[in-house]
Amino acid sequence: MATLYGRLSRRSCCLTSASLTRNYNSSRLHQSNKNISNLIRSGRLSEARALFDSMKHRNAVTWNSMISGYIHRREIAKARQLFDEMPQRDIVSWNLIVSGYFSCRGSRFIEEGRKMFELMPQRDCVSWNTVISGYAKNGRMDQALKFFNAMPERNVVSSNAVITGFLLNGDVDLAVGFFKTMPEHDSASLCALISGLVRNGELDMAAGILHEFGSDDDRKDDLVHAYNTLIAGYGQRGHVEEARRLFDEIPDDRGGGDKGQRRFRRNVISWNSMMMSYVKAGDIVSARELFDRMVERDTCSWNTVISGYVQISNMDEASKLFREMPSPDVLSWNSIVTGFAQNGNLNLAKDFFEKMPHKNLISWNTLIAGYEKNEDYKGAVRLFSQMQLEGERPDKHTLSSVISVCTGLVDLYLGKQIHQLVTKTVLPDSPINNSLITMYSRCGAIVDASAVFDEIKLYKDVITWNAMIGGYASHGLAAEALELFNLMKRLKIHPTYITFIAVLNACAHAGLVEEGRRQFKSMVTDYGIEPRVEHFASLVDILGRQGQLKEAIHLINTMPLKPDKAVWGALLGACRIHNNVQLAIVAADALIRLEPESSAPYVLLYNMYANLGQWDDAESVRVLMEEKNVKKQAGYSWVD
DNA sequence: GTAGGGTTAG
């Protein structure tokens with residue numbers, strides 16, 4: 001008995017301790033794996049790697065998690081290195097490495113991904129779908145379809161990837177046709193189709209399909225996703241009524257105890273999307289009404305309504321909500337910084353910026369753009385260097401702001417440095433090129449401006465043309481400006497009112513009265529552009545410079561718009577050139593009415609009298625100025 | 001740990 005008991009207990013004791021050890025080890029491994037994936041999820045890749053390196057025992061999941069971490073960061077070389085070092089690769093490792101190559105830009109990577117797919121010891125549905133969606137996302141639908149057709153067993157995911165691919169290429173009809181011939185749809189198929197149609201601007205077609213296929217019972221549980229996409233799509237484009245109609249079609253999620261039974265009902269994203277539609281339409285009252293009616297709000301709900309108040313510059317309400325919200329994230333902070341910066345309150349914007357627990361690139365860009373817009377150029381430059389010191393890499397939004405800063409500072413040296421940074425770090429897009437052209441021409445470097453213009457091979461938008469024509473005009477290069485304008489017209493690029501401001505300015509600088517009149521007329525009759533006060537100012541400038549002062553004042557008296565300070569300023573400048581004191585008094589008088597605090601008209605009149613030797617009159621202008629308590633501003637000299 | 005779909009900030 002005792003022997004038997006002893007044997008048994010010894011044996012079971014043995015067994016128990018072995019299995020305990022095994023269990024202990026496996027649960028430790030499991031815990032470490034979980035820690036790795038949590039670290040990766042929160043973006044702490046190097047900590048994950050340190051934990052990975054410290055682990056004595058690893059399994060395939062450990063390796064695969066680490067590989068997927070590198071793939072998410074687009075560090076494919078490191079992912080590949082781990083893949084090669086891995087003692088035993090399973091099918092997930094292979095799928096990961098294939099998807100890693102396909103998610104990198106460039107055909108070299110895609111070919112490598114395909115090569116890895118072909119090397120796979122075995123393949124499952126995921127492997128095939130990875131390749132199909134990889135090709136589809138890179139616009140290679142020929143290859144995607146080739147693999148789709150060659151696949152031994154397809155599932156819905158395969159077809160959904162094809163739909164997404166068609167829609168990324170803008171092939172709306174192919175996508176819809178493919179969807180209709182699919183053997184089975186699931187909620188993701190419908191959602192992929194709807195969101196692709198929305199991206200292609202086919203909102204009403206999307207609504208039709210949603211109503212036609214959305215009533216199938218088996219997908220009611222996820223139908224709300226498709227509705228949300230379409231609500232947001234209508235909202236983004238300002239069709240708030242259509243958005244609201246869809247929102248009202250979804251059964252309400254508030255009150256009532258039958259939540260479990262009703263599968264198709266509003267969720268937080270439906271409410272957020274509807275609020276966003278109102279915010280986009282500038283209807284903060286309706287957005288707020290929805291916000292107050294919501295039962296469950298998430299961070300995005302708060303952010304949406306806060307951004308609504310920021311948009312209408314109601315910073316009291318925006319910051320009140322910001323203080324009330326439970327857990328503000330980077331977006332909430334960025335909205336508040338945007339709001340204060342837009343309202344010219346740079347100090348508060350900076351205060352909030354410095355208090356942020358986490359900053360991202362957008363935080364920096366927001367503040368730098370705010371400084372630029374408020375013309376605190378030195379502050380913007382300080383922030384830009386601070387940003388780089390703190391290891392944040394500027395993107396094209398940053399650089400675009402900083403180029404405008406150089407324009408504001410008229411700092412050609414800094415401008416050239418930024419230009420070099422642009423060439424090294426980003427693919428310059430239209431806004432970047434346009435601000436480079438403006439920067440160079442403001443800094444007097446018209447040759448560099450036209451070099452930027454000439455280097456744009458692919459696409460010049462109308463703003464690019466305007467910037468270049470305006471640059472030539474302000475440098476007095478009327479022939480170049482007009483030549484470019486003619487080229488633009490030959491290329492069928494439709495000029496805007498800004499183009500004509502530049503063209504008229506060019507005529508003014510070159511003394512081309514008839515050409516100026518002709519262009520002004522052509523603007524109205526050939527292009528249907530309503531003349532603005534700036535155009536009249538240019539025309540007055542054109543006439544005035546050539547001494548046609550009577551024609552100029554007649555134009556001012558008969559123009560259909562109220563002449564502003566640019567119009568009267570042009571006349572006053574012309575009077576000075578041609579020594580017409582009588583008319584100068586009229587112009588100066590009008591300018592003083594518009595801007596009583598400005599000293600410029602007084603100084604100009606004073607100098608004119610002085611030039612003519614009429615010192616008594618000059619003195620009376622100075623006395624008048626003193627009486628009206630106008631201070632002479634820097635930059636205006638008593639001496640002409 | 002791998003393939004397809006939804007909302008917010010510059």
Side-chain angles (χ1 to χ4, degrees), chain A residues 33-34 36-37 40 59-69 71-72 90-100 102-103 124-134 136-137 155-165 167 186-196 198 222-233 235-236 267-277 279-280 298-308 310-311 328-339 341-342 360-370 373 395-398 400-401:
Chain A
N33 285 348
K34 252 172 91 174
I36 286 188
S37 83
I40 288 172
N59 62 7
V61 176
T62 325
W63 286 89
N64 290 342
S65 304
M66 205 58 235
I67 291 174
S68 93
I71 288 173
H72 270 106
D90 65 5
I91 194 159
V92 176
S93 330
W94 282 96
N95 289 341
L96 271 166
I97 205 72
V98 172
S99 107
F102 271 98
S103 57
D124 61 5
C125 254
V126 178
S127 328
W128 285 91
N129 289 340
T130 304
V131 174
I132 293 170
S133 109
K137 278 186 184 155
N155 62 13
V156 217
V157 179
S158 334
S159 307
N160 294 349
V162 170
I163 291 184
T164 308
L167 290 162
D186 65 0
S187 51
S189 332
L190 189 60
C191 216
L193 185 60
I194 298 295
S195 82
V198 167
D222 271 345
L223 187 58
V224 69
H225 288 225
Y227 267 84
N228 293 346
T229 315
L230 194 50
I231 290 172
Q236 292 278 6
N267 61 17
V268 135
I269 296 177
S270 326
W271 287 86
N272 292 349
S273 303
M274 195 57 232
M275 280 199 298
M276 185 271 295
S277 310
V279 166
K280 275 266 145 71
D298 64 4
T299 307
C300 181
S301 326
W302 288 87
N303 288 347
T304 304
V305 75
I306 287 175
S307 81
V310 165
Q311 257 179 48
D329 63 1
V330 211
L331 273 83
S332 334
W333 284 92
N334 285 347
S335 289
I336 295 295
V337 173
T338 307
Q342 271 172 6
N360 63 12
L361 180 58
I362 295 181
S363 325
W364 288 98
N365 289 351
T366 305
L367 198 60
I368 292 175
K373 289 276 176 316
D395 69 351
K396 56 182 174 188
H397 296 276
T398 330
S400 175
S401 296

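Numbered from 1 within each chain, the chains take letters A, B, ... in sequence-line order.
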Colleague: Given B:dT8, B:dG10, B:dA3, identify the nucleotide with an atom nearest to the side chain of A:Val157.
Modeller: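 Output: B:dA3.
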Colleague: Of the options B:dT7, B:dG10, B:dT8, whose atoms approach the side-chain atoms of A:Asp395 most closely?
Modeller: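 Nearest listed nucleotide: B:dG10.
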Colleague: What residues, two or more places apart in sequence or in another chain, satisfy side chain to side chain donor-acceptor pair (under 3.5 Å) together with A:Ser273?
Modeller: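 Applying side chain to side chain donor-acceptor pair (under 3.5 Å) to A:Ser273 gives none.
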Colleague: Separation of A:Asp298 atom CG from B:dT7 atom C1', in whole Å?
Modeller: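 Value for this atom pair: 8 Å.
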Colleague: Any donor-acceptor pair under 3.5 Å linking the side chain of A:Asp329 with the backbone of A:Ser332?
Modeller: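 A pair under 3.5 Å: yes.
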Colleague: For A:Asn228 and B:dT8, give me the distance from atom CG to atom P, rounded to whole Å.
Modeller: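 Nearest whole value for this atom pair: 11 Å.
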Colleague: Please tell me which of the listed nucleotides, B:dA3, B:dT7, B:dG10, lies nearest to the side chain of A:Met276?
Modeller: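 The closest nucleotide is B:dT7.
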Colleague: Scan A:Leu96 against the nucleic acid and name what it touches under 4.0 Å (heavy atoms): base, sugar-phosphate only, or nothing.
Modeller: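 A:Leu96: backbone/sugar contact only, no base atoms under 4.0 Å.
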Colleague: May I ask you to verify if any side-chain N or O of A:Ser133 is less than 4.0 angstrom from the OP1 or OP2 atom of B:dG4?
Modeller: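 The answer is yes; a side-chain N or O of A:Ser133 sits under 4.0 Å from OP1 or OP2.
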Colleague: Give A:Lys137 one of three labels, base, sugar-phosphate or nothing, depending on what nucleic acid heavy atoms sit under 4.0 Å from its own.
Modeller: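 Result for A:Lys137 = sugar-phosphate.
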Colleague: Does any N or O donor sit under 3.5 Å from an N or O acceptor when you compare the side chain of A:Asn267 with the base of B:dG6?
Modeller: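 When only heavy-atom distances are counted, A:Asn267 does reach the base of B:dG6 through a donor-acceptor pair under 3.5 Å.
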Colleague: To the nearest Å, how far apart are A:Ile269 CD1 and B:dT7 P?
Modeller: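 After rounding, the gap between these two atoms is 8 Å.
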Colleague: For a quick check of understanding: with a heavy-atom distance under 4.0 Å over all strands, which category does A:Asp329 fall into, base, sugar-phosphate or nothing?
Modeller: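 Counting heavy atoms under 4.0 Å across all strands, no contact is made by A:Asp329.
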Colleague: Can you tell if the side chain of A:Cys125 reaches within under 4.5 Å of the side chain of A:Val157, non-hydrogen atoms only?
Modeller: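 They are not in contact (no side-chain heavy atoms under 4.5 Å apart), so the answer is no.
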Colleague: In whole angstrom, give the distance that lies between atom NZ of A:Lys280 and atom P of B:dT8.
Modeller: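 Distance, rounded to whole Å: 6 Å.
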Colleague: May I have the distance from A:Asn160 (atom CG) to B:dG5 (atom P), rounded to whole angstrom?
Modeller: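 Nearest whole value for this atom pair: 9 Å.
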Colleague: Whole angstrom is fine here: how far is it from CG in A:Leu331 over to P in B:dG10?
Modeller: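 From A:Leu331 CG to B:dG10 P: 9 Å.
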Colleague: Of the nucleotides B:dA9, B:dT7, B:dG4, which has the atom closest to the A:Thr164 side chain?
Modeller: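 The nucleotide sitting nearest to the side chain is B:dG4.
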Colleague: Of the nucleotides B:dA9, B:dG6, B:dT2, which one has an atom closest to the side chain of A:Thr229?
Modeller: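 Of B:dA9, B:dG6, B:dT2, B:dG6 is nearest to the side chain of A:Thr229.
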Colleague: Whether the side chain of A:Asp186 and the base of B:dG5 hold a donor-acceptor pair under 3.5 Å is what I'd like checked.
Modeller: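 Answer is no: no donor-acceptor pair is held.
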Colleague: Nearest to the side chain of A:Cys191, which nucleotide is it out of B:dG4, B:dT2, B:dG5?
Modeller: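 That would be B:dG5.
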Colleague: Output the rounded distance in Å from CG (A:Leu230) to P (B:dG6).
Modeller: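 Whole-Å distance recorded here is 13 Å.
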Colleague: Starting at atom CG of A:Leu223, determine the distance to atom P of B:dG5, rounded to an integer number of angstrom.
Modeller: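 Checked: the CG to P distance equals 18 Å.
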Colleague: In chain order, what residues pass the salt bridge (Lys or Arg N to Asp or Glu O under 4.0 Å) check against A:Lys373, with sequence neighbours excluded?
Modeller: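 Salt bridge (Lys or Arg N to Asp or Glu O under 4.0 Å) check on A:Lys373 returns nothing, list empty.
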Colleague: Do you see a donor-acceptor pair shorter than 3.5 Å between the side chains of A:Asn129 and A:Asn160?
Modeller: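 The answer is no; no qualifying pair exists.
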Colleague: Are A:Val126 and A:Val92 packed together at the side-chain level, in the sense that at least one heavy-atom pair is separated by less than 4.5 angstrom?
Modeller: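 Sidechains of A:Val92 and A:Val126: no contact.
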Colleague: Heavy atoms from C-beta onward define the side chain here; which of B:dG10, B:dT2, B:dA9 lies closest to that of A:His397?
Modeller: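 The answer is B:dG10.
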Colleague: Tell me which nucleotide among B:dG5, B:dG4, B:dA3 gets nearest to the side chain of A:Ser187.
Modeller: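 Output: B:dG5.
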Colleague: What is the nucleic acid contact for A:Gln236, judged by heavy atoms within less than 4.0 Å: base, sugar-phosphate only, or nothing?
Modeller: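 Result for A:Gln236 = sugar-phosphate.
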Colleague: Tell me if the side-chain of A:Asn95 makes a donor-acceptor pair with the base of B:dA3, cut-off 3.5 Å, by modelled atom types.
Modeller: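 In this structure, the two groups form no donor-acceptor pair.
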